[in-house]
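The structure appears below as structure tokens.
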Protein chains: 2
Amino acid sequence: MSSLSPSASPRSSSGATVQALRAGCSACGMHQLCLPMGLDQGDMQRLEQVINRRRKVKRDETLYHVNDKFDMLYAIRLGHFKTFQHNPNGGQQITGFQMAGELLGMDAIGAGHHLCEAVALEDSEVCEIPFASLEDLFRDMPILLRQFHRMMSLEISREQRVMLTLGSMTAQQKMAAFLVNLSSRYVSRGYSSTRFQLRMTREEIGNYLGLAVESVSRLLSGFKKTGVIDVNHRDVELLDLPSLRSIALGSDPCA
Amino acid sequence: MSSLSPSASPRSSSGATVQALRAGCSACGMHQLCLPMGLDQGDMQRLEQVINRRRKVKRDETLYHVNDKFDMLYAIRLGHFKTFQHNPNGGQQITGFQMAGELLGMDAIGAGHHLCEAVALEDSEVCEIPFASLEDLFRDMPILLRQFHRMMSLEISREQRVMLTLGSMTAQQKMAAFLVNLSSRYVSRGYSSTRFQLRMTREEIGNYLGLAVESVSRLLSGFKKTGVIDVNHRDVELLDLPSLRSIALGSDPCA
DNA sequence: CGTAACGTTGATACATCTCAACTACGGTGG
DNA sequence: CCACCGTAGTTGAGATGTATCAACGTTACG
């Protein structure tokens, strides 16, 4: 593929499309969750200027590989990703599922190159944010800096919750916690808290939670049988969110 | 206890002691690992000025609790800590063991209050760094900012490695990886790569690795029997670091 | 329409936990 | 200084949650 298609030029007859492509943070539905949170109009425009382009990433396509040089952060504009580390046996350990408004690549700042791989779970779109330019903005945009620190910190605490899950929960608790977590993240994006589609395979869920595929399947079937959820393929409905929460907390109301 | 002992006053006949107490980052052995890494003399002094005091934390004493308001980061000057989350059953899930030169509290920036608890594993000492003052310094100390980002990022990738450990390793691999990790951290602090003291109990190791105490004990005994390590209580010697590494990677040379 | 990836369900195996008994150590008070 | 006691650690035997193996159903897609 060519690195720059002709239509990337700003002058074009189809103004609307280009506008949409050029449209930056202010027009993005994720801007209260993402890096521009809290910025005024002027600062947001300055931020938009450093985002050199938006990039479409097709399903199963890799956004970055392990050992790729780090120079960009990626803000997910649309779609879902998974990030994973390679374990020594050639397998992978998924460290997170990311959705619109979340930032990818923060783990690479320290090492200068990527330590994990990010793959799109569906056709997606990210904003490329050159980190060097972002650092320049930090100098005189303290609100932006603060939001960046917030996002890094939230990533740290997210991972701590995953450790808690992996280290001290039963399979059933893990599964319930996983569904509850997805639910709350969709809520904060304006979607239903009870109905959503799983963007990942059972195998990916199992990998993430430290469970076998078969266990994931059995657990979902079990939840369905006891009526706390309904599942058909990737479509999930959380019929009894409170019960699901209490299962996650270790008290099984249906035991 | 009184909040300020008389000897905290700068004027004192025992100049050396006071000097040591006042002495900031430049005199601290950890300064190439910690926040001041890469700063010139002047910048380091400005950083020292915002560190309002050093605080001793006795063994088993809590540095901060869950829900404590966040306003400080803590740089460990001396000693060891554990951080843990509370799991719903009243237990804890240890999310990390921290040693000198490492930063505590970064996970609280996002929420504004602490989400985990930090407890000293031995008599320790930390530098209190008011985060608001640190943010002020960031404005005109880009090198400091960069190092801060590095440290946050490294924390994210550290946690990802723990996820890999918890999610896809056998008990034996976890234990080997744990020892190898401690080893490498002691090396970068100038200590032996093969001889060190465990600062935590078997129970804490097990909790961290998602294993029962008894399993930890059996694994250590097993390693001792096959000659890859020597253990006596908290004293460990890694007799065959390469073997230990390959056990961690999944290939057991002694199987 | 065929094929491969995905998902489900059952039977069995096994890694690790749990329970239990015991030992060793370190601090404390007599 | 010694005896005591509680905590930490070890080891064994048995229980169990989850993985593994195997067979099969289902969906998506070329």
Side-chain angles (χ1 to χ4, degrees), chain A residues 58-60 82 87 89 91-94 119 121-123 165-178 197-226 229-236 247 250 252 255, chain B residues 58-60 82 87 89 91 93-94 119 121-123 165-179 197-226 229-236 247 250 252 255:
Chain A
K58 291 208 112 32
R59 189 187 135 102
D60 291 330
K82 65 173 172 180
N87 76 33
N89 312 318
Q92 54 185 52
Q93 170 65 39
I94 296 175
V119 170
L121 295 174
E122 62 186 329
D123 291 0
T165 306
L166 287 171
S168 67
M169 286 189 185
T170 65
Q172 201 184 32
Q173 286 178 283
K174 288 177 180 177
M175 195 68 228
F178 176 71
Q197 279 198 19
L198 300 172
R199 319 296 167 125
M200 64 297 283
T201 66
R202 304 288 194 265
E203 179 152 21
E204 284 163 338
I205 297 173
N207 182 298
Y208 177 62
L209 295 176
L211 298 173
V213 202
E214 296 93 329
S215 296
V216 173
S217 190
R218 272 186 261 268
L219 286 162
L220 288 175
S221 300
F223 285 166
K224 185 175 180 176
K225 196 174 295 177
T226 57
I229 71 168
D230 191 32
V231 215
N232 275 294
H233 316 292
R234 304 283 182 95
D235 298 311
V236 180
I247 292 172
D252 183 353
Chain B
K58 290 208 113 36
R59 188 187 135 102
D60 291 330
K82 67 172 171 180
N87 77 31
N89 313 318
Q93 170 66 40
I94 295 175
V119 169
L121 295 174
E122 61 185 330
D123 292 359
T165 305
L166 288 171
S168 66
M169 287 189 183
T170 65
Q172 202 185 32
Q173 286 178 284
K174 288 177 181 177
M175 195 68 228
F178 177 72
L179 293 172
Q197 279 197 20
L198 300 172
R199 319 296 167 125
M200 64 296 284
T201 66
R202 304 286 193 267
E203 179 154 21
E204 285 164 337
I205 297 174
N207 181 297
Y208 177 61
L209 296 176
L211 298 172
V213 202
E214 297 93 330
S215 296
V216 173
S217 189
R218 273 186 260 269
L219 287 162
L220 288 175
S221 300
F223 286 164
K224 185 175 180 177
K225 195 174 296 178
T226 58
I229 71 169
D230 191 31
V231 215
N232 275 295
H233 315 292
R234 304 282 182 94
D235 297 312
V236 180
I247 291 172
D252 184 353

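So that the names make sense, note that chain A is the first sequence line, chain B the second, and so on, each numbered from 1.
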Find the distance [X]:[atom1] to [N]:[atom2] and express it as a whole number of Å.
X      : N      : atom1 : atom2 : value
A/E204 : C/dG7  : CD    : C1'   : 13 Å
B/L219 : C/dC17 : CG    : P     : 9 Å
A/Q172 : D/dT18 : CD    : C1'   : 13 Å
A/R234 : C/dT8  : CZ    : P     : 10 Å
B/R59  : D/dT7  : CZ    : P     : 12 Å
B/L121 : D/dT7  : CG    : P     : 18 Å
A/K225 : C/dT8  : NZ    : C1'   : 11 Å
B/N207 : C/dT18 : CG    : P     : 12 Å

query: Any side-chain N or O of B/R202 less than 4.0 Å from the OP1 or OP2 oxygen of D/dT7?
result: no
message: Walk along nucleotides 19-30 of chain D from 5' to 3' and tag each nucleotide B, S or - by protein heavy-atom contact under 4.0 Å, base first, then sugar-phosphate.
response: SBBB----S---
Salt-bridge present (B/D123, B/R59; N to O < 4.0 Å): no
field: Rounded distance (nearest 0.5 Å) linking atom CG of A/L220 with atom CD1 of A/I229
entry: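 It comes to 5.0 Å.
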Taking [X] for its side chain and [Y] for its backbone only, find out whether a donor-acceptor pair lies under 3.5 Å.
X      : Y      : answer
B/N87  : B/N89  : yes
B/Q197 : B/V236 : no
A/R202 : A/S215 : no

field: Which residue lies more 5' along DNA chain D, comparing A/T170 with B/T201 via nearest heavy atoms
entry: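 Taking each residue's closest nucleotide, the earlier one in sequence belongs to B/T201.
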Residue A/E203 excluded, over 12 heavy atoms near CD under 6.0 Å: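 Atom CD in A/E203 is not crowded, with 12 or fewer foreign heavy atoms closer than 6.0 Å.
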- request: Note the angle between the end axes of the helix from C/dC1-D/dG30 to C/dG30-D/dC1, five pairs defining each, rounded to 10 degrees.
  value: 40°
Stepwise side-chain contact (heavy atoms from CB on, under 4.5 Å) test for B/T201 and B/R234: CA-CA 8 Å; B/T201 66; B/R234 304 282 182 94; 3.4 Å; yes
task: List the steps, then state whether side-chain contact (heavy atoms from CB on, under 4.5 Å) holds for B/M200 with B/K82.
output: CA-CA 8 Å; B/M200 64 296 284; B/K82 67 172 171 180; over 6 Å; no
Closest contact, heavy atoms only, B/A176 versus B/I247: CB-CG2, 3.7 Å
